[in-house]
Amino acid sequence: MAAPSSSAGFGGMSTDNAKGLALAVSSSAFIGASFIVKKMGLRRAADSGVRAGYGGYSYLVEPLWWIGMISMIVGEIANFAAYAFAPAILVTPLGALSIIISAALAHSILQEKLHTFGILGCVLCVVGSITIALHAPQERDIDSVREVWDLATEPAFLSYATVVVVAALFLIYFVVPQHGQTNIMVYIGVCSLLGSLTVMSVKALGIALKLTFSGVNQLFYPQTWAFALIVATCVSTQINYLNKALDTFNTAVVSPIYYVMFTSLTIIASVIMFKDWDRQNPTQIVTEMCGFVTILSGTFLLHKTKDMNDSTGPTLSTRRTKHASQTAFAIEVLPLKYQDCVDDETLPLSLPKADNHYLMQELPLRYKDLNMT
């Protein structure tokens, strides 16, 4: 078993873990902002071409989308560096900070309302992140990228990688064409599955570059370039399907669900490949899981309150048709994926159960009377 990284830092955290923590926090700021800027670019692009959710690529000529993309790249570079210094079980959950930034900016810039309980969800994400950061395992010492390759080619991780690739291909070729536009889990599922393999390969590349810069060249090993090829393939696919998810569904919903699925799968992959929990006692593992459950609770609150406001009573987005008379009107309930595009005629309407029952019984009769006249 490889020895953990030495040089204890603040609060018992190793120097490498502290560097990884700082890089992970800064990356979350850039990535969280990038979601909003890219969404603004996608909206502008949709006004002049085919929406990304329907296979369009007009966003590629939209400057605002590229600004968001650059912000995401900067964040990912910082995240890339973080994986070279700290274990994935520490770095990945800190992505919760990007959810908070994304939700706050979506509330203030995109007018995607954040409920009071959503704010509580953000607080829970912060608390969970701190808990994990304080109890994360130390990074193991690795002297060559070949050691990482040996870990990646062990039967346990090869089995995991095979399941992930098969599941992602099944979603892309059989599920996306039928349910991609209506089920938010489809696009995000593809991103999350491949994302877990991306993180393992990124960590391998980060270790290779760190060793190279320290004087032990790893660039002549074919394993380094194999990891680079995996990263390029998975990242390009992730970007494509993340764009589709952002263009089709509410940003405040995409971000937390993507985080939960991506983080869960990444932790599983890291535990299998790098055997993070082999270097910890049961108390540390349970504490980390409590921190992760706290983060999940926060993201659950963000998700469940996405369409709520602070007023009492349930509300429905309804539209009154222009041809409706005083004695009859049509109600059109807007699906979640189009709620960002509601026009000025859309009004909030609260209907008690009795009124809903009344409309169910009376509207057909009223329309029948109108047709007879």
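Within the 4.5 Å cutoff, no side-chain heavy atoms of I230 are placed close to those of M200. Considering only heavy atoms from C-beta on, T116 stays 4.5 Å or farther from L120 through its side chain. Between T294 and T131, every side-chain heavy-atom pair lies at or beyond the 4.5 Å cut-off. Side-chain contact between L209 and F80 is present, with at least one heavy-atom pair separated by less than 4.5 Å.
The minimum heavy-atom distance between S28 and L97, with the atom names listed, is CB-CB, 3.7 Å. Heavy atoms only, all atoms of each residue included: V231 and T198 are closest at CG2-O, 4.2 Å. The shortest non-hydrogen separation linking A82 to G20 is CB-O, 3.4 Å. Contact between I31 and E76 at its shortest, heavy atoms only, is CD1-OE2, 3.6 Å. Taking each heavy atom of M261 and S192 in turn, the nearest pair found is CB-OG, 3.3 Å. In plain terms, the two heavy atoms of C191 and Y258 that are nearest each other are CB-CE1, 3.6 Å.
The cluster map of Ile, Leu, Val, Met, Phe, Trp and Tyr, joined by side-chain heavy atoms under 4.5 Å apart, puts V235 and V202 in the same cluster. Under a hydrophobic-cluster definition in which Ile, Leu, Val, Met, Phe, Trp and Tyr are linked whenever side-chain heavy atoms come within less than 4.5 Å, directly or via other members, W149 and L229 are assigned to different clusters. Linking Ile, Leu, Val, Met, Phe, Trp and Tyr residues whenever their side-chain heavy atoms come within less than 4.5 Å leaves I70 and L42 in two separate clusters. Hydrophobic clustering places V175 together with V254 (ILVMFWY residues linked when any side-chain heavy atoms are closer than 4.5 Å, directly or through intermediates).
The backbone N or O of L134 lies less than 3.5 Å from no partner atom in the side chain of N17, so there is not a single donor-acceptor pair. Side chain of E288 to backbone of I285: no donor-acceptor contact under 3.5 angstrom is found. Within the 3.5 Å criterion, the main-chain N or O of A84 finds a donor-acceptor partner in the side chain of K210. Using modelled atom types, one side-chain atom of S236 and one backbone atom of A232 make a donor-acceptor pair closer than 3.5 Å. Side chain of S27 to backbone of A24: a donor-acceptor contact under 3.5 angstrom is found. With hydrogens and angles ignored, the 3.5 Å screen pairs a side-chain donor or acceptor of T224 with a backbone N or O of Q218. In terms of modelled atom types and a separation under 3.5 Å, the side chain of W65 and the main chain of R43 share no donor-acceptor contact. Side-chain N or O atoms of S297 include one that pairs as donor or acceptor with a backbone N or O of V293 at under 3.5 Å.
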Considering only distance and modelled atom types, tabulate donor-acceptor pairs under 3.5 Å from the side chains of residues 86-96, sequence neighbours left out.
| unit_1 | atom_1 | unit_2 | atom_2 | d |
| --- | --- | --- | --- | --- |
| T92 | OG1 | Y83 | OH | 2.7 |
| T92 | OG1 | A88 | O | 3.0 |

With a 3.5 Å cut-off and sequence neighbours excluded, list the donor-acceptor pairs that the side chains of residues 157-174 form with protein atoms.
| unit_1 | atom_1 | unit_2 | atom_2 | d |
| --- | --- | --- | --- | --- |
| S159 | OG | P155 | O | 2.9 |
| Y160 | OH | S196 | OG | 2.9 |
| Y160 | OH | L265 | O | 3.2 |
| T162 | OG1 | L158 | O | 2.8 |

Apply the test side-chain contact (heavy atoms from CB on, under 4.5 Å) to residues I184 and T248: give CA-CA distance (whole Å), side-chain angles for both, the deciding distance (0.1 Å), then the verdict. CA-CA 8 Å; I184 192 173; T248 307; over 6 Å; no
For V286 and C290: C-alpha separation, side-chain torsions, deciding distance, then whether side-chain contact (heavy atoms from CB on, under 4.5 Å) applies. CA-CA 6 Å; V286 170; C290 288; 4.2 Å; yes
Set out, in order, the CA-CA distance, both residues' side-chain angles and the distance that settles side-chain contact (heavy atoms from CB on, under 4.5 Å) for F30 and I101, then state yes or no. CA-CA 9 Å; F30 284 102; I101 295 171; over 6 Å; no
I would like to know whether L242 and Q238 meet side-chain contact (heavy atoms from CB on, under 4.5 Å); could you show each step before the answer? CA-CA 6 Å; L242 182 58; Q238 284 178 258; 5.8 Å; no
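With sequence neighbours excluded, the residues satisfying side-chain contact (heavy atoms from CB on, under 4.5 Å) with D143 are E147. Taking the side-chain contact (heavy atoms from CB on, under 4.5 Å) definition, one finds that A204 meets it with V148, F227, sequence neighbours left out. A search for ring pair (Phe, Tyr, Trp, His ring centres under 6.0 Å) contacts involving F292 returns nothing, not counting sequence neighbours. For V176, the side-chain contact (heavy atoms from CB on, under 4.5 Å) partners are V186, Y187, Y241, not counting sequence neighbours.
Put simply, CD1 on I257 and CZ on F262 are 16.0 Å apart, with the number rounded to the nearest 0.5 Å. Separating the CE atom in M69 from the CG atom in N243 is a distance of 7.5 Å, to the nearest 0.5 Å. One finds the CG atom of L296 at 8.5 Å from the SG atom of C125 (value rounded to the nearest 0.5 Å). Distance CZ/F85 to NZ/K203: 10.5 Å, rounded to 0.5 Å. From L211, atom CG reaches atom CG of L219 across 10.5 Å, with rounding to the nearest 0.5 Å. S26 contributes atom OG, which lies 11.0 Å from atom CD1 of I77 (distance to the nearest 0.5 angstrom).
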